[in-house]
Chemist: 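Sharing a structure with you now.
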Number of protein chains: 2
Amino acid sequence: MRLVVARCSARYTGRLTAHLPLATRLLVVKADGSVLLHSDGGSYKPLNWMSPPCATAVRAPDAEAVERGVTEVWTVQHQKSDDRLEIELHEVAHDSAHDLGVDPGLIKDGVEAHLQELLAAQIELLGAGHTLVRREYMTAIGPVDILARDGAGGTVAVEIKRRGDIDGVEQLTRYLDLLNRDPLLTPVRGVFAAQEIKPQARVLATDRGIGCLVLDYDAMRGVDDVDSRLF
Amino acid sequence: MRLVVARCSARYTGRLTAHLPLATRLLVVKADGSVLLHSDGGSYKPLNWMSPPCATAVRAPDAEAVERGVTEVWTVQHQKSDDRLEIELHEVAHDSAHDLGVDPGLIKDGVEAHLQELLAAQIELLGAGHTLVRREYMTAIGPVDILARDGAGGTVAVEIKRRGDIDGVEQLTRYLDLLNRDPLLTPVRGVFAAQEIKPQARVLATDRGIGCLVLDYDAMRGVDDVDSRLF
DNA sequence: TCATCGATGTCGCGC
DNA sequence: GCGCGACGTCGATGA
């Protein structure tokens, strides 16, 4: 990994065309050839970048560029597309290289898949007498997270989100429309389950006769641990 | 901006829980307090990060941590949420600080707005006899990209996307529902126009009687250039 | 390889 | 500040 702090300007052409006026920035060149151009603020997203696979060609500036104070020109070309990042370097304040080695990567806990798994295992959270039909029930427009049956034998389609937004309600609505066309399933009831359900989503769901279920991840995981210990 | 290259492990708790095993990484501390933790590969997204506003507290490791080789512990706490990033530093290979100043930011040349502009100028792409009513036709739930009239005098609402996804069809459906309540406009036909239309989106659109139009950006721009030269 | 979908999405605009 | 749509979205997963 090479770290360069320099005054520079940049120009990107590819899926769009954009440019960066002259300013001091951090340039990171990773081992895989990818390049990041960071300012001293904002979020984790660089101002400009090139994803791997790509290659950087360094050349001396032409006379006109020298006149403007350019000391070096980097052309970062993507290997599989015509995306290109051209960087003109002026004064270089820092330049160092480091061997980082391979990274074991991030390990995550508690995503939507886990919520689905937990709810499938604790399907009675939908109400007493509920039984699991299957997870990822496939339809023509995508998989329903959980399909269940209630105590009375009615079908229940469950959409699970970490954060219950209006989009999730729309998604579940589409599934319900489709499922209710199937004479073997109809009537299908909908349940929108999430760790947190936004007020607008709750209003929309309620208006459409869709039930809302707030999932307590920690509690569900706790129960799951207890279950695990039983076997 | 502070740049640190060090062997470190990290733990993030917040919207999810995750951890990074011990490895050598780049830590970037920006002027606004945000922290990025980069490996020497992958994309521009850091392995872990904390967005501003946040503050970092540095403390000495406890005896147990010293035993494990930890030399310093950083606790990066978000100011407005309970998101927290805890980093244990081991050997530090590099540590430097740089004053970058304020960045003027990226200047983009749009593609999205351009598509709308081009289709408005080439409205006959909707079919012979079509005329433009107006772009960005305002409704209570947002602007319809293009409102047009077909050869028979019927109203046509057009939703334009670069990538035609199922969400875009939903959006257009909402507009059509609303527009069709207006007795002066109804019946309003829908056209979903995009550079690329996903199969599921096409199925949904067709099912709802919405037409699909694939836009050839380069061809449209070419025509536009020719038009430009004529005037 | 291609398509779909989630994301600690982030970013920017309008209300 | 919130809601909503776009993104050079990226990245994982299943067909």
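So you know, we letter chains A, B, ... as the sequences are listed, proteins then strands, and number each from 1. For the numbers below, each heavy atom of this structure counts, side chains included, while hydrogens, waters and symmetry mates do not.
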Chemist: Less than 4.5 Å apart, any side-chain heavy atom of A:Arg11 and any of A:Glu88?
Modeler: no
Chemist: Could you tell me whether the phosphate oxygens of C:dA3, OP1 or OP2, come under 4.0 Å of any side-chain nitrogen or oxygen in B:Arg202?
Modeler: no
Chemist: Check the distance between C:dG9's C1' and B:Leu36's CG and give it to me in whole angstrom.
Modeler: 15 Å
Chemist: Verify side-chain contact (heavy atoms from CB on, under 4.5 Å) between B:His98 and A:Leu26, making sure each step is shown before the conclusion.
Modeler: CA-CA 9 Å; B:His98 311 273; A:Leu26 166 68; over 6 Å; no
Chemist: What residues form a side-chain hydrogen bond (donor to acceptor under 3.5 Å, both in side chains) with A:Arg202, not counting sequence neighbours?
Modeler: none
Chemist: Would you say B:Arg15 reaches C:dG6's phosphate, i.e. side-chain N/O to OP1/OP2 under 4.0 Å?
Modeler: no
Chemist: Could you check how far CD of A:Gln116 sits from C1' of D:dG14, rounded to whole Å?
Modeler: 14 Å
Chemist: With sugar-phosphate meaning primed atoms plus P, OP1 and OP2, does A:Leu106 contact a base, only sugar-phosphate, or nothing at under 4.0 Å between heavy atoms?
Modeler: base
Chemist: Can you check the A:Leu172 CG to C:dG6 P distance for me, whole Å?
Modeler: 13 Å
Chemist: For B:Ile166 and C:dT4, give me the distance from atom CD1 to atom P, rounded to whole Å.
Modeler: 9 Å
Chemist: Starting from the 5' end of DNA chain D, give me the residue, B:Lys80 or A:Leu85, whose nearest nucleotide shows up first.
Modeler: B:Lys80
Chemist: For C:dT8, does OP1 or OP2 lie under 4.0 Å from any side-chain N or O of B:Arg84?
Modeler: no
Chemist: With salt bridge (charged side-chain N to carboxylate O under 4.0 Å, His left out) as the test, would you mind laying out the steps for A:Asp177 and B:Arg208 before giving the verdict?
Modeler: CA-CA 12 Å; A:Asp177 285 349; B:Arg208 293 181 176 174; 5.1 Å; no
Chemist: NE2 of B:His78 versus C1' of C:dT10: gap in Å, rounded?
Modeler: 13 Å
Chemist: In whole angstrom, give the distance that lies between atom CD of B:Gln171 and atom P of D:dC4.
Modeler: 11 Å
Chemist: C:dT8 pairs with which nucleotide, Watson-Crick or G-U wobble, both distances below 3.5 Å?
Modeler: none
Chemist: Can you list, by residue number, the residues of residues 37-55 of chain A that have a non-hydrogen atom closer than 4.0 angstrom to DNA chain C?
Modeler: A:Ser43, A:Tyr44
Chemist: Rounding to a whole Å, what distance do you find between A:Glu117:CD and D:dT13:P?
Modeler: 14 Å
Chemist: Taking all atoms of both residues into account, what is the closest heavy-atom pair of A:Glu86 and A:Arg59, and its distance?
Modeler: OE2-NH2, 3.6 Å
Chemist: May I have the distance from B:Tyr12 (atom OH) to C:dA7 (atom C1'), rounded to whole angstrom?
Modeler: 11 Å
Chemist: Of all heavy-atom pairs between B:Ser39 and A:Leu100, which one has the smallest distance, and what is that distance?
Modeler: C-CD2, 4.3 Å
Chemist: Between A:Asp103 and A:Lys30, is there a salt bridge with N-O shorter than 4.0 Å?
Modeler: no
Chemist: From the options D:dG5, C:dG6, D:dG8, select the nucleotide whose nearest atom is closest to the side chain of A:Asp83.
Modeler: D:dG8
